[in-house]
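Each chain gets a letter, A, B and so on, in the order the sequences are listed, and its residues count up from 1.
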2 protein chains.
Amino acid sequence: MPPKIKSEQDREQLRTLILDAARSLFVERGIEAVSMREIAKQIKYSATTLYNYFQDKEALLQAVCDADFLALASGMREIMQIPDPIQRIQALCRGYAKFALHHPGHYRFMFMTPRGPCNMDITHIEQGNTEQDAYAQLQAVVQAAFDAELFRADLNDSELIVQTLWAGVHGVCSLQIALGNEIWMQWTDIDARLSLMQNALLRGLLRQPDRIF
Amino acid sequence: MPPKIKSEQDREQLRTLILDAARSLFVERGIEAVSMREIAKQIKYSATTLYNYFQDKEALLQAVCDADFLALASGMREIMQIPDPIQRIQALCRGYAKFALHHPGHYRFMFMTPRGPCNMDITHIEQGNTEQDAYAQLQAVVQAAFDAELFRADLNDSELIVQTLWAGVHGVCSLQIALGNEIWMQWTDIDARLSLMQNALLRGLLRQPDRIF
DNA sequence: AATGTTAAATTAACGTCGTTAATAAAATAA
DNA sequence: TTATTTTATTAACGACGTTAATTTAACATT
């Protein structure tokens with residue numbers, strides 16, 4: 001039996017040990033292919049120990065994703081410094097898509113898997129905090145472009161624009177994750193798909209479509 | 001023990017009985033919440049009997065989805081009669097989205113769940129047949145619009161346009177299915193999201209954006 | 001230093017799942 | 001009537017998430 005954890009510091013250390021083990025299995029195999037027993041075995045603890053640190057499997061995976069999406073949002077901060085709002089939107093979408101395609105397990109768990117109606121108690125990302133939440137970042141930059149009257153005059157709901165842009169990028173990414181390896185689909189190049197989605201959407205939303213190439 | 005099935009006709013009848021039972025559970029609960037044992041119980045057979053009619057659970061669910069997506073494509077045939085290609089695209093997208101949102105379990109299984117690389121042997125929908133395959137229907141009408149030179153001159157790949165349009169609609173639908181009930185998201189109206197997606201994409205793709213309202 | 005108490009780990013167990021092997025029973029053929 | 005074949009059944013396997021019961025290590029008290 002391993003030495004017991006008493007101090008709050010050591011406890012946090014074991015917690016992140018579990019998170020790391022879960023992450024590695026979570027990343028290399030798909031998602032539900034990772035079992036509590038296997039995570040525990042990897043760190044040489046019994047499976048039930050995990051339940052002293054996480055309420056259940058879903059909470060564990062949620063914690064993994066929370067941490068990594070926090071890292072994503074943090075990595076986006078320099079993009080948020082780009083002065084031109086349109087370029088900022090484009091860079092943000094590209095960064096978001098890149099993360100999604102490089103972390104398909106994470107992305108699937110976060111955005112492609114229906115949950116019970118309320119997860120507020122599990123996730124620890126403070127919603128609406130631009131520093132932390134990737135969605136809020138897109139929200140902020142779209143609002144900036146909206147305030148600068150860059151969007152079509154008949155589009156009067158900034159939130160609707162945000163969600164449309166998100167849905168567009170999400171559509172490309174999630175299709176790639178779910179069906180990207182299907183033989184019967186003759187996919188065009190994923191970068192081309194992403195580019196055209198951004199290009200077409202912005203052209204269709206902006207007051208001056210010619211600004212987008 | 002129920003009477004045994006010998007004739008090919010009765011065999012097909014029991015097969016569809018299984019399919020119907022699976023469909024009903026599949027529709028009312030989510031997706032993986034339906035077990036083989038429960039399907040069997042509903043039709044008063046033992047669980048192992050199902051394996052005489054379907055290779056495994058995935059094949060059963062795939063058969064359910066195949067049948068219903070065939071029905072979808074069939075129901076789209078009148079839409080395919082609309083003369084104007086642009087209106088045809090719009091109607092097709094609306095019909096597709098309507099089906100997706102009314103059959104979230106089907107949709108999730110078909111388009112939001114990664115599979116092993118090869119499912120060709122399971123699905124019985126003949127790919128490329130406009131009558132049967134919803135994707136091929138979109139492909140056909142986009143090709144028509146492409147041939148009529150309705151898209152921007154710099155867009156030279158019709159397949160890329162198809163996949164972008166699909167990804168857009170899929171993005172809205174799949175986000176709604178996966179996260180539509182999340183409390184922390186303040187979703188705008190789903191119809192507005194769908195409309196704006198189609199509107200913006202077509203405006204961004206077409207040579208004459210003003211044709212789209 | 002010996003004892004008791006608390007907290008953290010363990011093993012055992014429950015119920016469920018998809019699926020396969022072994023078996024019983026019904027229909028058909030001889 | 002018996003033998004054969006097909007179709008269903010029950011039993012069982014291994015894995016899963018999770019909870020209950022139990023052991024064990026660390027700390028506190030005398």
Side-chain angles (χ1 to χ4, degrees), chain A residues 1-19 21-22 25-26 28-65 105 109 113-116 119 121-122, chain B residues 1-19 21-22 25-26 28-65 105 109 113-116 119 121-122:
Chain A
M1 199 186 304
K4 293 195 176 178
I5 304 302
K6 300 294 269 192
S7 77
E8 192 57 40
Q9 187 183 345
D10 289 351
R11 190 178 163 79
E12 199 57 37
Q13 204 169 325
L14 177 48
R15 202 186 129 96
T16 63
L17 190 67
I18 296 173
L19 281 178
L25 292 174
F26 186 49
E28 76 179 29
R29 327 211 183 151
I31 174 174
E32 49 272 328
V34 38
S35 73
M36 296 296 266
R37 286 175 164 89
E38 198 171 6
I39 296 170
K41 181 184 293 181
Q42 181 151 313
I43 59 172
K44 294 187 166 57
Y45 274 79
S46 76
T48 49
T49 297
L50 305 191
Y51 289 86
N52 291 333
Y53 294 83
F54 298 93
Q55 190 175 26
D56 54 17
K57 185 184 180 181
E58 170 148 351
L60 207 177
L61 296 184
Q62 183 75 53
V64 171
C65 291
F109 180 79
T113 309
R115 298 273 150 59
N119 285 41
D121 44 346
I122 298 181
Chain B
M1 203 186 300
K4 292 195 176 177
I5 304 303
K6 298 296 270 191
S7 77
E8 191 58 39
Q9 187 182 345
D10 290 350
R11 190 178 162 81
E12 198 58 38
Q13 204 169 325
L14 177 49
R15 201 186 130 95
T16 64
L17 190 67
I18 296 173
L19 281 178
L25 293 174
F26 187 48
E28 77 180 27
R29 328 214 181 148
I31 172 172
E32 49 270 329
V34 38
S35 73
M36 296 295 265
R37 285 175 165 89
E38 198 171 8
I39 296 171
K41 182 185 291 181
Q42 182 151 312
I43 60 172
K44 294 190 166 57
Y45 274 79
S46 74
T48 48
T49 297
L50 306 190
Y51 289 86
N52 291 333
Y53 294 84
F54 299 93
Q55 190 176 25
D56 54 17
K57 185 184 180 182
E58 170 149 349
L60 208 177
L61 296 184
Q62 183 76 53
V64 171
C65 290
F109 180 80
T113 309
R115 299 270 151 61
N119 284 41
D121 44 346
I122 298 182

Per-helix bend value, the helix from dA1(C)-dT30(D) to dA30(C)-dT1(D), C1' rotation axes over five pairs per end, 10° rounding, shows 30°
note: R11(A), atom CZ; dA7(C), atom C1'; distance rounded to Å ~ 10 Å
E58(A) atom CD is separated from dG17(D) atom P, nearest whole Å, by 13 Å
Here the gap from S46(B) atom OG to R37(B) atom CZ, rounded to the nearest 0.5 Å, amounts to 10.5 Å
Separation between CG (L17(A)) and OH (Y53(A)), nearest 0.5 Å, reads 10.0 Å
Is there a donor N/O on one and an acceptor N/O on the other, under 3.5 Å, for the side chain of K4(A) and the base of dT24(D)? yes
*Q9(A) atom CD, neighbour heavy-atom count above 12 within 6.0 Å*: no
Side-chain atoms of Y51(A) come closest, of dT19(C), dA9(C), dT18(D), to dT18(D)
**Message:** Over all strands shown, is L60(B) touching base, sugar-phosphate only, or nothing at heavy-atom distances under 4.0 angstrom?
**Reply:** nothing
When every non-hydrogen atom of Y51(B) is compared with those of D56(B), the smallest separation belongs to CE2-CA, 4.0 Å
L61(B) atom CG is separated from dT19(C) atom C1', nearest whole Å, by 15 Å
Worksheet entry | Under 3.5 Å donor-acceptor, K41(A) side chain and M36(A) backbone | no
From NZ of K57(B) across to C1' of dC17(C) the rounded distance in Å is 8 Å
P2(A) has its side chain closest, among dT10(C), dC17(C), dT18(D), to dT10(C)
Contacts of R29(A) meeting salt bridge (Lys or Arg N to Asp or Glu O under 4.0 Å) (sequence neighbours excluded), chain-then-number -> E38(A)
Atom CD of E38(A) and atom C1' of dG14(D) are separated, to the nearest Å, by 14 Å
Per the under-4.0 Å heavy-atom filter, residues of residues 42-49 of chain B near DNA chain D come out as Y45(B), S46(B), T48(B), T49(B)
Taking every heavy atom of A63(A) against every heavy atom of R15(A), the minimum-distance pair comes out as CB-NH2, 4.2 Å
Atom CD of Q13(A) and atom C1' of dA8(C) are separated, to the nearest Å, by 16 Å
Closest non-hydrogen contact found for F26(B) with G105(B) is CZ-O, 3.4 Å
(message) Any base atoms under 4.0 Å from Y53(A), or only sugar-phosphate, or nothing? Heavy atoms, all strands.
(response) sugar-phosphate
Taken to the nearest 0.5 Å, the spacing of L60(B) CG from L50(B) CG works out to 6.5 Å
Side-chain atoms of M36(B) come closest, of dT7(D), dA8(C), dT19(C), to dT19(C)
Rounded to whole Å, the CG-P distance (L14(B) to dT6(D)) equals 18 Å
Rounded to whole Å, NZ of K41(B) lies from C1' of dT10(D) at a distance of 15 Å
